[in-house]
Trainee: 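Could you have a look at this structure, given as C-alpha cells, before my questions?
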There are 2 protein chains.
Amino acid sequence: MEVTINETQANTIQEKVKTFFDPNNHPAGFCPVKDVVDRIGDKWSLLAILNLGYGERLRFNQLKTQIEGISQRMLTVTLRSLERDGLVNRYVYAEVPPRVEYELTPMGEKLLVKVWELADWAIEYKAQILESRAAYDKKAAKKTRS
Amino acid sequence: MEVTINETQANTIQEKVKTFFDPNNHPAGFCPVKDVVDRIGDKWSLLAILNLGYGERLRFNQLKTQIEGISQRMLTVTLRSLERDGLVNRYVYAEVPPRVEYELTPMGEKLLVKVWELADWAIEYKAQILESRAAYDKKAAKKTRS
DNA sequence: ATTAATAGTTACTTCCATGTGACTAAGTGA
DNA sequence: TCACTTAGTCACATGGAAGTAACTATTAAT
C-alpha cells in the first residue's frame, strides 16, 4: 500500500516529486508531507505518541513522568490536540481522584510506524551529519578570523 | 536495510518502541526520531528539500520563486543550515551577476525518500483527521454553550 | 552616470509556542 | 477540619523563530 503516486509509473524519488508537484495532479499548496510534519513538529506531540506506542493505556501522570521536562499545561495541550485529530483516545473514569487514560488510536499507531522509519535514516546518518556540521563550522571560523 | 532495532526480534511497533526505550539499549534522551523531526520541523526546510527533490540543481532565485512565501533571508538561513548538516550541496560560480546552485546530497535524497513515506499516511488519513477534528470541535462548542 | 541583475547580509520588529505558578473540583482518610 | 490525591484550568511572562526592509558587491548594458 505504498501508492502515493499512481498517476504515472514513477520509480525514482525525482519522478515522484515531479509528478506530485505537477499542478495538473493537485491544487497548489497541497502538501501532505508538510501537513504531517507540522502535526508532529511541535515540541511534545511526537514524544507523546512514542510513549503511547508501548500499546498500554497510560494515565495522565504516567505520561507526565515519562515525558521528561513536559509541564502539566503542555501535556494537556498536546494530548488535546492529538485527541482532536483522532490520534489518541481519552478515557475518563468517574472516580475520585480522577483517572484518565490515553492510548493511541489505530490511526495514531499507523503514523507511529511511518515516523519510526525516519529513525533508520537518523541512525544511519547521525555521524555523517555531525561530521558535516563540524567541518562547516571549522570553515566558517576560518573565514571570520581572516 | 530497515534494521532500526536488532537487539531483539521485535515485530510489532509496540515491541520496537519498548525495546527502543529500554535504558539498557540506549542512553536516556536518545531519540533519533525526534532528531529528524526537529531537523525538518521548521517552517521551510522540508519545502526546500522537496523542491530540490526534482533532481535538478536550482539557483537561489529559482528556489525563492518555487517556495511560495519564503523571504530572501529565510531561504538563506534555511539553505545554510541544510548545507551545514550535509543535506544540500552549494555550488558558487565566479560570475557576475553571481550564480549559486543548490542540490540535494545523497544523504538528503535518502531523507526525502523516508519523509515521502509520511505522505502515504497523510493522504490515507486526511479525511479521517478532518472528520475527527470537526466532531471534536462540535462537542467542545456544545459544552461551552451549556 | 545610472540602472539592472543575483545572491546575499544586517539590524530591527513581531508574534506565537511554550513556560510558570497559582488555582480548582470532588471525595477519602486521619 | 484539614491535608492529600489527580487531572486539569487560567492568567501572565518569555524566548526564539520568523518577518521586514534597507543595504552591499560586482559587472554589463544603456
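In what follows, chains carry the letters A, B, and so on, assigned in the order in which the sequence lines appear, proteins first and then strands, with residues in each chain numbered from 1.
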Trainee: Whole angstrom is fine here: how far is it from CD1 in B/Ile70 over to C1' in D/dT20?
Mentor: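 Going from B/Ile70 (CD1) to D/dT20 (C1'), I get 14 Å.
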Trainee: I'd like to know if the side chain of B/Ser132 reaches the main chain of B/Gln128, judged simply by a donor and an acceptor atom lying under 3.5 Å from each other, with no hydrogens or angles considered.
Mentor: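 Such a contact is absent between B/Ser132 side chain and B/Gln128 backbone.
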Trainee: What is the distance, rounded to the nearest whole Å, between atom CG of A/Asp38 and atom P of D/dA17?
Mentor: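 These atoms are roughly 16 Å apart.
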Trainee: Please state whether the phosphate of D/dG8, meaning OP1 or OP2, lies under 4.0 angstrom from any side-chain nitrogen or oxygen of A/Arg73.
Mentor: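 Result: no.
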Trainee: If I take atom CG in residue B/Leu63 and atom P in nucleotide C/dT6, what distance separates them, rounded to the nearest angstrom?
Mentor: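 For the pair B/Leu63 CG and C/dT6 P, the rounded distance is 14 Å.
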Trainee: Give A/Arg99 one of three labels, base, sugar-phosphate or nothing, depending on what nucleic acid heavy atoms sit under 4.0 Å from its own.
Mentor: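 Answer is sugar-phosphate: A/Arg99 comes under 4.0 Å of backbone atoms only.
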Trainee: Checking the side chain of B/Trp121 only, and the main-chain atoms of A/Met107 only, is there a donor and an acceptor separated by less than 3.5 Å?
Mentor: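 A pair under 3.5 Å: yes.
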Trainee: From CZ of B/Arg59 over to P of C/dG8, roughly how many Å is that when rounded to an integer?
Mentor: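 So the two atoms are 10 Å apart, to the nearest Å.
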Trainee: Kindly point out which of C/dT6, D/dG8, D/dT6 is positioned nearest to the side chain of B/Asn61?
Mentor: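 Selected nucleotide (nearest to the side chain): C/dT6.
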Trainee: Quickly work out the A/Gln62 CD to D/dG8 P distance and round it to whole Å.
Mentor: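 After rounding, the gap between these two atoms is 13 Å.
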Trainee: Does any donor atom in the side chain of B/Gln14 or A/Glu109 lie under 3.5 Å from an acceptor atom in the other side chain?
Mentor: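 Note: B/Gln14 and A/Glu109 side chains meet the donor-acceptor criterion.
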Trainee: Expressed in angstrom and rounded to an integer, what is the separation of A/Tyr93 atom OH from D/dT6 atom P?
Mentor: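 Roughly 17 Å, once rounded to whole Å.
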Trainee: Of the listed nucleotides (C/dG8, C/dT6, D/dG8), which one gets closest to any side-chain atom of B/Pro97?
Mentor: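 So the nucleotide nearest the side chain must be C/dT6.
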Trainee: Which residues in residues 39-57 of chain B have a heavy atom closer than 4.0 Å to any atom of DNA chain C?
Mentor: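 Nucleic-acid contacts, sorted: none.
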Trainee: Does B/Arg80 place a side-chain N or O at less than 4.0 Å from the phosphate oxygens OP1/OP2 of C/dA7?
Mentor: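 B/Arg80 to C/dA7 OP1/OP2: no side-chain N or O under 4.0 Å.
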Trainee: Which one, D/dG19, D/dT6, C/dA7, comes nearest to the side chain of B/Met74?
Mentor: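 Comparing D/dG19, D/dT6, C/dA7 against the side chain of B/Met74, the answer is D/dG19.
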Trainee: Could you tell me if the side chain of B/Arg39 sits less than 4.5 Å from the side chain of A/Ile129, heavy atoms only?
Mentor: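 No, side chains not in contact.
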Trainee: Without decimals, in angstroms, what is the distance between B/Leu58 CG and C/dG8 P?
Mentor: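 For the pair B/Leu58 CG and C/dG8 P, the rounded distance is 13 Å.
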Trainee: Base, sugar-phosphate, or nothing for A/Tyr102, non-hydrogen atoms under 4.0 angstrom?
Mentor: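 Answer is sugar-phosphate: A/Tyr102 comes under 4.0 Å of backbone atoms only.
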Trainee: Starting at the 5' end of DNA chain C, which residue's closest nucleotide do you reach first, A/Val96 or B/Glu101?
Mentor: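 The residue closer to the strand's 5' end, by nearest nucleotide, is B/Glu101.
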Trainee: Going by side-chain hydrogen bond (donor to acceptor under 3.5 Å, both in side chains), name the residues that satisfy it together with B/Tyr125, two or more places apart in sequence or in a different chain.
Mentor: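 A/Lys110.
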Trainee: Could you tell me whether the side chains of B/Glu103 and B/Tyr91 share a donor-acceptor contact shorter than 3.5 Å?
Mentor: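 A donor-acceptor contact under 3.5 Å links the two side chains.
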Trainee: What is the distance, rounded to the nearest whole Å, between atom CD of B/Gln72 and atom P of C/dA5?
Mentor: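 From B/Gln72 CD to C/dA5 P: 13 Å.
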Trainee: How would you list, by chain and number, every residue that makes a salt bridge (charged side-chain N to carboxylate O under 4.0 Å, His left out) with A/Asp35, sequence neighbours excluded?
Mentor: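 If we apply the salt bridge (charged side-chain N to carboxylate O under 4.0 Å, His left out) test to A/Asp35, skipping adjacent residues, the hits are B/Lys126.
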